[in-house]
Enquirer: 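Got a structure here, written out as structure tokens. Questions coming.
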Amino acid sequence: MKQMIILMAVLPILLVFVLQFSVQEQRRYEIARGEALLAVSIEKAKMEGGFTLTNKSQLLGDLAKLFQVTRDEIQMDTSSSVKYRQNSAEGIGDRGEIPYKIIIPIKKVMAGASLFGISEEENRGQYVMEGTFASERLMP
């Protein structure tokens with residue numbers, strides 16, 4: 001009987017670890033898929049000389065659906081000017097580089113957070129995708 005009482009107390013805590021594994025696997029899938037969506041969007045942006053409104057809108061919609069957030073919650077900072085391919089590395093300048101930064105909120109980082117006294121506001125995080133790539137659009 002004593003062992004049953006101890007099991008009843010310890011089992012919920014041990015189950016949290018199993019649930020946390022599932023949450024982490026879900027996040028890994030979302031991040032890998034999100035990076036794949038970004039890679040496709042970057043390839044389109046290379047040809048266009050930057051992120052077009054259509055490209056941004058499509059990427060935001062796909063990321064919002066994948067991470068189960070609204071489009072307004074995702075912060076996307078990209079250059080709006082068209083950049084052209086540079087055929088030489090001479091001189092100082094941006095050399096046709098296109099910067100981007102995307103911040104996606106992650107909800108429910110930890111499974112069973114309420115069991116450990118963690119509020120819903122504290123059980124959040126952000127995933128940041130940031131970098132630059134070179135434009136492949138030729139000068140007119």
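For the numbers below, each heavy atom of this structure counts, side chains included, while hydrogens, waters and symmetry mates do not. Counting from 1, the numbers follow the sequence of the chain as shown.
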Enquirer: Which atom pair, heavy atoms only, marks the closest approach of Glu97 to Lys83?
Expert: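 Scanning both residues completely, I find the closest heavy atoms to be O-NZ, 3.5 Å.
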Enquirer: Do the side chain of Arg71 and the main chain of Ser57 share a donor and acceptor less than 3.5 angstrom apart?
Expert: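 Yes, Arg71 side chain to Ser57 backbone: donor-acceptor pair under 3.5 Å.
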Enquirer: Side chain of Glu136, backbone of Met47: donor and acceptor closer than 3.5 Å?
Expert: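 Here the side-chain-to-backbone pair does not exist.
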Enquirer: Quick one: pull up CD in Glu35 and CG in Leu63 and give me the separation to the nearest 0.5 Å.
Expert: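 One gets 10.5 Å once the value is rounded to the nearest 0.5 Å.
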Enquirer: Yes or no on side-chain contact (heavy atoms from CB on, under 4.5 Å) for Asp62 and Gln58, after CA distance, side-chain angles and deciding distance?
Expert: CA-CA 6 Å; Asp62 291 344; Gln58 170 114 25; 3.6 Å; yes
Enquirer: For Ser135, give me all partners under side chain to side chain donor-acceptor pair (under 3.5 Å), at least two apart in sequence or on another chain.
Expert: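 So Ser135 forms no side chain to side chain donor-acceptor pair (under 3.5 Å) with any residue.
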Enquirer: Which residues satisfy the salt bridge (Lys or Arg N to Asp or Glu O under 4.0 Å) test with Glu73, sequence neighbours excluded?
Expert: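 If we apply the salt bridge (Lys or Arg N to Asp or Glu O under 4.0 Å) test to Glu73, skipping adjacent residues, the hits are Lys107.
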Enquirer: Measuring from atom CD1 of Ile104 to atom CD of Gln75, what distance do you get when rounded to the nearest 0.5 angstrom?
Expert: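 Answer for the CD1-CD pair, Ile104 versus Gln75, is 10.5 Å.
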Enquirer: Which heavy atom of Glu48 sits nearest to which heavy atom of Val82, and what is that distance?
Expert: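 For Glu48 and Val82, the tightest heavy-atom pair comes out as O-CG1, 4.0 Å.
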Enquirer: If I compare all heavy atoms of Leu66 with all of Glu30, which pair ends up nearest, and what's the gap?
Expert: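 Taking every non-hydrogen atom into account, CD2-O, 3.2 Å.
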Enquirer: Look up atom NZ in Lys101 and atom OG1 in Thr132, then write down how far apart they are to the nearest 0.5 Å.
Expert: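 With rounding to 0.5 Å, NZ (Lys101) is 13.5 Å from OG1 (Thr132).
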Enquirer: For residues Ser41 and Leu59, report the shortest heavy-atom separation together with the two atoms involved.
Expert: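 Closest heavy-atom pair between Ser41 and Leu59: OG-CD2, 3.7 Å.
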Enquirer: Taking atom OG1 of Thr78 and atom CD1 of Ile102, what is their separation to the nearest 0.5 Å?
Expert: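 CD1 of Ile102 is found 8.0 Å from OG1 of Thr78.
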Enquirer: Between Met110 and Asn123, what is the shortest heavy-atom contact and its length?
Expert: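 Closest approach of Met110 to Asn123: N-OD1, 2.8 Å.
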Enquirer: Measure the CD1-CG distance between Ile42 and Leu38 for me, rounded to the nearest 0.5 Å.
Expert: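 One gets 4.0 Å once the value is rounded to the nearest 0.5 Å.
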Enquirer: Will you find, in the side chains of Ser81 and Ser79, an N or O donor that is under 3.5 Å from an N or O acceptor?
Expert: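 Judged by distance alone, the side chains do pair up.
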Enquirer: Check this for me: Phe17, atom CZ, are more than 12 non-hydrogen atoms of other residues, nucleotides or ligands nearer than 6.0 Å?
Expert: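 Not buried by this count: 12 neighbours or fewer within 6.0 Å.
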Enquirer: Which heavy atom of Asn55 sits nearest a heavy atom of Lys44, and at what distance?
Expert: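 In terms of heavy atoms, the two residues are closest at ND2-CB, 3.6 Å.
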Enquirer: Determine whether Leu37 and Met129 satisfy the following criterion, side-chain contact (heavy atoms from CB on, under 4.5 Å), listing intermediate values before the conclusion.
Expert: CA-CA 11 Å; Leu37 291 170; Met129 295 187 278; over 6 Å; no
Enquirer: Quick check for you: to the nearest 0.5 Å, what is the distance between Gln20 atom CD and Glu25 atom CD?
Expert: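 It comes to 11.0 Å.
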Enquirer: Same cluster or not: are Tyr29 and Phe21 linked, directly or through other Ile, Leu, Val, Met, Phe, Trp or Tyr residues, by side-chain heavy atoms under 4.5 angstrom apart?
Expert: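 Each belongs to a different hydrophobic cluster.
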Enquirer: Would you say Arg85's side chain and Leu138's backbone share a donor-acceptor pair under 3.5 angstrom?
Expert: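 No: the side chain of Arg85 does not pair with the backbone of Leu138.
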Enquirer: Same hydrophobic cluster for Val23 and Tyr127, using side-chain heavy-atom links shorter than 4.5 Å among ILVMFWY?
Expert: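 Hydrophobic grouping puts Val23 apart from Tyr127.
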Enquirer: Is it the case that more than 12 heavy atoms not belonging to Leu7 sit under 6.0 Å from its CG atom?
Expert: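 Yes, CG of Leu7 has more than 12 neighbouring heavy atoms, counting only those of other groups under 6.0 Å.
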